[in-house]
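The analysis underlying the following values was restricted to heavy atoms, covering all of them including side chains, and did not include hydrogens, waters or symmetry mates.
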Amino acid sequence: QVQLVESGGGVVEAGGSLRLSCAASGPTFSIWYLAWFRQAPGKEREFVGRLNLNTNHTYLAGSVKGRFTISRDNAKNTMYLQMSSLKPEDTAVYYCADQGRTFVINSWGQGTQVTVSA
């Protein structure tokens, strides 16, 4: 079982920046994608973006496109979510997940809280 641990969450002012990390351990060779999701209280879990580990192609949801960037550190088996121009509506618990080739989710991290103050 792949284990995922998110970190880097915190409180930031609107317009500010924050970088989240997702560290993967276990049989990471089996992962096709690493993805970011977020969930605000009382809301559905929302897809944020994903990284193709074979091509390094990234895909971002329209709500964050142009503001968020996904990158990786192969040596540390870590994926990053660089968030800029943060808005109060970005406030949520952010989760990472590993996915197979057809995007089926294999496992979830525990999540990290991001709070953007207005």
Side-chain angles (χ1 to χ4, degrees):
Q1 180 72 40
V2 173
Q3 292 182 318
L4 303 170
V5 179
E6 302 94 338
S7 62
V11 180
V12 64
E13 295 180 352
S17 299
L18 202 63
R19 189 179 76 165
L20 306 183
S21 299
C22 172
S25 61
T28 57
F29 58 85
S30 65
I31 302 174
W32 285 77
Y33 304 93
L34 286 174
W36 288 102
F37 293 79
R38 65 186 182 184
Q39 187 168 25
K43 303 290 185 180
E44 295 287 328
R45 189 164 295 188
E46 175 189 18
F47 171 76
V48 175
R50 71 171 64 89
L51 167 70
N52 185 319
L53 297 182
N54 294 314
T55 66
N56 284 330
H57 177 262
T58 59
Y59 178 83
L60 292 164
S63 59
V64 303
K65 196 175 301 181
R67 299 188 298 119
F68 291 10
T69 301
I70 294 173
S71 61
R72 71 188 294 187
D73 184 335
N74 287 334
K76 298 181 178 180
N77 291 325
T78 300
M79 173 181 65
Y80 302 100
L81 181 67
Q82 178 65 52
M83 305 183 293
S84 300
S85 301
L86 283 163
K87 305 174 181 179
E89 52 262 44
D90 295 318
T91 295
V93 177
Y94 283 70
Y95 299 90
C96 62
D98 66 289
Q99 297 175 308
R101 191 178 185 276
T102 59
F103 307 138
V104 175
I105 293 173
N106 298 307
S107 57
W108 293 95
Q110 66 181 21
T112 185
Q113 175 72 49
V114 172
T115 302
V116 183
S117 61

If you take all heavy atoms of [X] and [Y], which pair is closest and at what distance?
{"X": "Leu60", "Y": "Lys65", "value": "O-CE, 3.3 Å"}
{"X": "Ser85", "Y": "Ser17", "value": "N-OG, 4.5 Å"}
{"X": "Gln39", "Y": "Lys43", "value": "NE2-O, 3.0 Å"}
{"X": "Ala35", "Y": "Gln99", "value": "CB-OE1, 3.5 Å"}
{"X": "Glu6", "Y": "Gly111", "value": "OE1-N, 2.8 Å"}
{"X": "Leu4", "Y": "Leu34", "value": "CD2-CD2, 4.1 Å"}

What residues, two or more places apart in sequence or in another chain, satisfy side chain to side chain donor-acceptor pair (under 3.5 Å) together with Asn74? Arg72
Glu89: partners by side chain to side chain donor-acceptor pair (under 3.5 Å), with sequence neighbours left out: none
With the 4.5 Å side-chain cut-off for hydrophobic clustering, are [X] and [Y] part of the same group?
{"X": "Tyr80", "Y": "Tyr59", "value": "no"}
{"X": "Val116", "Y": "Val64", "value": "yes"}
{"X": "Val12", "Y": "Trp36", "value": "yes"}
{"X": "Leu20", "Y": "Leu86", "value": "yes"}

Ring pair (Phe, Tyr, Trp, His ring centres under 6.0 Å) filter on Tyr33, not counting sequence neighbours, yields Phe103
Identify, with sequence neighbours excluded, every residue that meets ring pair (Phe, Tyr, Trp, His ring centres under 6.0 Å) alongside Phe37. Phe47, Trp108
Rounded to the nearest 0.5 Å, how far does [atom2] of [Y] lie from [atom1] of [X]?
{"X": "Gln3", "Y": "Asp98", "atom1": "CD", "atom2": "CG", "answer": "11.0 Å"}
{"X": "Phe68", "Y": "Leu18", "atom1": "CZ", "atom2": "CG", "answer": "9.0 Å"}
{"X": "Asn52", "Y": "His57", "atom1": "CG", "atom2": "NE2", "answer": "8.0 Å"}
{"X": "Met83", "Y": "Ile70", "atom1": "CE", "atom2": "CD1", "answer": "11.5 Å"}

With sequence neighbours left out, the residues meeting salt bridge (charged side-chain N to carboxylate O under 4.0 Å, His left out) with Arg67 are Asp90
Would you please name every residue forming a salt bridge (charged side-chain N to carboxylate O under 4.0 Å, His left out) with Glu46, sequence neighbours left out? Arg38
Does any non-hydrogen side-chain atom of [Y] lie less than 4.5 Å from one of [X]?
{"X": "Val2", "Y": "Pro27", "answer": "yes"}
{"X": "Met79", "Y": "Cys96", "answer": "yes"}
{"X": "Thr91", "Y": "Gln113", "answer": "yes"}

Step by step, would you call Leu53 with Trp32 a side-chain contact (heavy atoms from CB on, under 4.5 Å)? CA-CA 6 Å; Leu53 297 182; Trp32 285 77; over 6 Å; no
